[in-house]
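What follows is a set of notes on a single structure, which appears directly below.
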Amino acid sequence: MLRNVLLALLALAVAAVLALGSASLLIDPNDYRETVSERLTAALGREVAIEGDVALGFGWPVELRVGGVRVANAAWGSARDMLGIEAVAVQVALWPLIRREVRIRRLTADGMVALLERDAQGRTNWTFETGRPTTTEPERGPRSQRRLPEVREVQVRRLEFRWRDELGGVDESFRLHHLELHPGEALGTHGVAFELDYRGAPLTGSGRVGSLQALVGDGEAWPIDLDVHWGGASLQARGHLLLPEFDAVDLQLAGEAADLGALGVRFELDLPRLPMTFAAHLQGGATQLRADGLQLTLGGSDLTGNLHVEPSENRAELRLRSRNLDLDAWRQPAASSAQASPLFSTSPWPQPLLPAFDAPFSLEVESLILGGFALSAVEFEGKLKADRTLVASLAAGLADGRLSGTAELSEGEEGLALLTETTLTDGSLGQLLQQARLARDVDVSVDAVLLARAVGRSPSGLARSLDGHLSLLGGQGRIHHRAVGALSSDLLGSLMPFLEQRDSAALNCLAGRFDFKGGVADDAMVLFDTETLTLAGKGRVDLGAERIAMVLTPRPKRAGLMNLAMPVEVTGPLANPEFRLESTGLARRSAGVALAVVNPLVLLVPVVTTTFGGADNPCLAAVEEARTGQRAKEPESRIEGFMRGLRRVIGGDG
């Protein structure tokens, strides 16, 4: 963008020098202001007005000073002027000027206001209608053979700059304090130094760039060797560009930030407060751009890979790998509050969330931390489509089991739509509880299946609209009595007669079923069966309100303890529910008391047989035993045994 400002300045300087150079040296240059303005207007194809004094100083070199210059904007532009300058001065070598060769020793500009913009159709206001932005001379030969006048030094001070891009949705401004270009050590290069204010922080840079002649020359490599510092971050760029249309880019980029979150604040983004480093080799051009050797570290996480982008075709490809990816560390800690924080954020996603690109991608992670859970050997494959649809699959290790699933995301008028099917096979429930920061007092493997669809503009919106079901089933294992006591001392006391004062009990099975409609499971059911006790629960889980209302009903396996069975209410926020002995009739409204405990168990039969395909699963025996008080016989076969047990449960004669 600064390049375009310099080009505009240079165009004014060259045209003005050529115009005034042809005037008589004994005549006041102000007499020619209108003539010069007309010549400049013809050269640029835009109205150019000189509203201040014009002075021509003779010496070695000749100096032209002009005040109050104004260049009109494109007809479609958002403001009247593209460029305004309080004062501009050009020092020109005398003898080459007599031969109509312009060699500028120094170009200075002070007090500038510049507007560069691109409209929704892609038009740019720095593209002049004449197509000859630098000279009024007739074009001779191919453009690659035409060169700008030699410029040795440039000084720009007090520049108010605005970049407005309707196509990219950008409207930003900054204030440049100074920009200096001077002859570099290598032939055809300039040393550069600049300082400006950008988003409330000073941005400084220094280094080496190519000549101004090469800046607009076709087929010429424009070298870059820059170090830039801003807001506690730094960037190094080494390589070259092929100008003026960025036909080729070859840059080695490297950067770091002591606090990425501090940078995010300046862009109104919620970024992690972690140190960050990155590096990449950027190659290609306007039609194809590759970022090879991507390297990113953020706190203790790392990412490496490659990115290939074809902007004109709306295509991209991203391949990433990581040894350790701790996404929990990227999230900001929640503000302290007496109330439990919501499980699902109400903050809307940015719009649009999914870019309109065709982009296959992959992510391989050796160790991933997400939501407190540790995943291993993660393989994430997907494809982003131009209609803002994302299809992805996941395979990973979780809690000694295997997690797999597919998901489809699409963006529409109602927000983000999600469709997913996810399964966990042979996962350790104890490890899952431990990773969820709960007591690891259950030693059993579980299978789980989640089928769901939802649509919303935020995580909370998805939760409120979720339709689908979650089923889980665990086999034989052990459960520590502390697992019961962790829920509630009252619950522990009510169940203590059945636990027989031992440290742990054999767990025959556990099962659960949650059918959601509009984010609410009205008949949520859970069951676990031990050697001394069957505990069944039934009630309501509301993801939108993030509340639970469930009754846990114990049924002892010793008839003499039946009169001690007391239901327990589980109510309140999902993040922090309360457990208390039933006293309000909630159990009678929700599940009946102990006599009705078989009903939710019967409803779990399809979970065991259909979802998990186990007609001889111990949970079916738990259903039979809860109904009759006697342990079920070994079935003749899976199918026959299941049908016989099911007929008994529902009242058949068997």
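Atom set for the values below is all heavy atoms of this structure, side chains included, hydrogens, waters and symmetry mates excluded.
- Rounded to the nearest 0.5 angstrom, Arg152 CZ and Gln91 CD are separated by 11.5 Å.
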Item to check | Criterion side-chain contact (heavy atoms from CB on, under 4.5 Å) on Asn324 and Asp302, from CA distance to verdict | outcome: CA-CA 6 Å; Asn324 180 65; Asp302 65 272; 4.1 Å; yes

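- Between Trp126 and Trp163, the two ring planes are tilted [angle within 30° to 60°].
- Ion pairing between a basic and an acidic side chain is recognised when a charged N comes within 4.0 Å of a carboxylate O; Arg457 and Glu411 show no such pairing.
- Side-chain contact, Arg319 with Ser362: a donor N or O sits under 3.5 Å from an acceptor N or O.
- For the atom pair CG (Leu354) and OG1 (Thr389), the distance works out to 7.5 Å, reported to the nearest 0.5 Å.
- The pair Arg315-Glu317 fails the salt-bridge criterion, with no side-chain N (NZ, NE, NH1 or NH2) lying under 4.0 Å from an Asp/Glu carboxylate O.
- Here the closest heavy-atom approach between residue Val151 and residue His190 is recorded as O-NE2, 3.0 Å.
- Taken from CG in Leu370 to CH2 in Trp330, the straight-line distance is 11.0 Å, to the nearest 0.5 Å.
- Contact detail for Leu226 and Arg208: the closest heavy-atom pair is CD2-N, 4.3 Å.
- Taking each heavy atom of Leu384 and Pro355 in turn, the nearest pair found is CD2-CG, 3.3 Å.
- Between Phe267 and Trp230, the ring planes lie perpendicular to each other; the angle is over 60°, past the 30° to 60° tilted range.
- In this model, a donor atom of one side chain and an acceptor atom of the other lie less than 3.5 Å apart for Thr277 and Thr297.
- Shown are His177, His178, Glu86; of these, the side chain to side chain donor-acceptor pair (under 3.5 Å) with Arg158 is made only by Glu86.
- With Arg321 contributing its side chain and Glu364 its backbone, the two residues share no donor-acceptor pair below 3.5 Å.
- Within 6.0 Å of atom CZ in Arg123, more than 12 heavy atoms from other residues, nucleotides or ligands are found, so the atom counts as buried in its surroundings.
- Enclosure of atom CD in Glu172 by more than 12 non-hydrogen atoms of other residues, nucleotides or ligands within 6.0 angstrom is indicated.
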Checklist entry - Going through the distances and angles, do Leu107 and Leu181 end up as a side-chain contact (heavy atoms from CB on, under 4.5 Å)? => result CA-CA 10 Å; Leu107 170 63; Leu181 293 172; over 6 Å; no

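- A salt bridge links Arg273 with Asp259: at least one charged nitrogen is closer than 4.0 Å to a carboxylate oxygen.
- The environment of CD in Glu160 is crowded: more than 12 heavy-atom neighbours from other residues, nucleotides or ligands sit within 6.0 Å.
- By the 6.0 Å contact criterion, CD on Glu256 is open, its count of non-hydrogen atoms from other residues, nucleotides or ligands being 12 or less.
- Asn73 contributes a side-chain N or O that, together with a main-chain N or O of Ala79, makes up a donor-acceptor pair within less than 3.5 Å.
- Side-chain atoms of Arg103 do not come within 3.5 Å of backbone N or O of Ala93 as any donor-acceptor pair.
- With respect to Asp250 and Arg290, no salt bridge is recorded, no charged nitrogen being found less than 4.0 Å from a carboxylate O.
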Item to check | Steps toward side-chain contact (heavy atoms from CB on, under 4.5 Å) verdict (Val309, Phe357) | outcome: CA-CA 10 Å; Val309 181; Phe357 259 74; 4.1 Å; yes

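- Side-chain atoms of His308 and Asp292 form no donor-acceptor pair, as typed in the model, at a separation below 3.5 Å.
- Nearest heavy-atom pair across Glu153 and Pro183 is CG-CD, 3.9 Å.
- Between the side chain of Ser301 and the backbone N or O of Asp326, at least one donor-acceptor pair lies under 3.5 Å.
- Within the 4.5 Å cutoff, the side chain of Leu327 has heavy atoms near those of the Leu368 side chain.
- In terms of heavy-atom proximity, Ser37 sits nearest to Val48 at CB-O, 3.3 Å.
- Test Leu253, Asn306, Leu307 against Leu294 for side chain to side chain contact (heavy atoms under 4.5 Å, CB included) and you get one pass: Leu307.
- Checked for salt-bridge contact, Arg157 and Asp110 miss the test: no charged N lies under 4.0 Å from a carboxylate O.
- The two atoms that bring Ala329 and Leu274 nearest to each other are O-CD1, 3.5 Å, heavy atoms only.
- Between Arg164 and Asp119, none of the side-chain N atoms (NZ, or NE/NH1/NH2) sits under 4.0 Å from a carboxylate O, so this pair counts as no salt bridge.
- Asp197 and Arg175 are not joined by a salt bridge, as no carboxylate oxygen comes within less than 4.0 angstrom of a charged side-chain nitrogen.
- For the pair Leu40 and Val69, the minimum side-chain heavy-atom distance is 4.5 Å or more.
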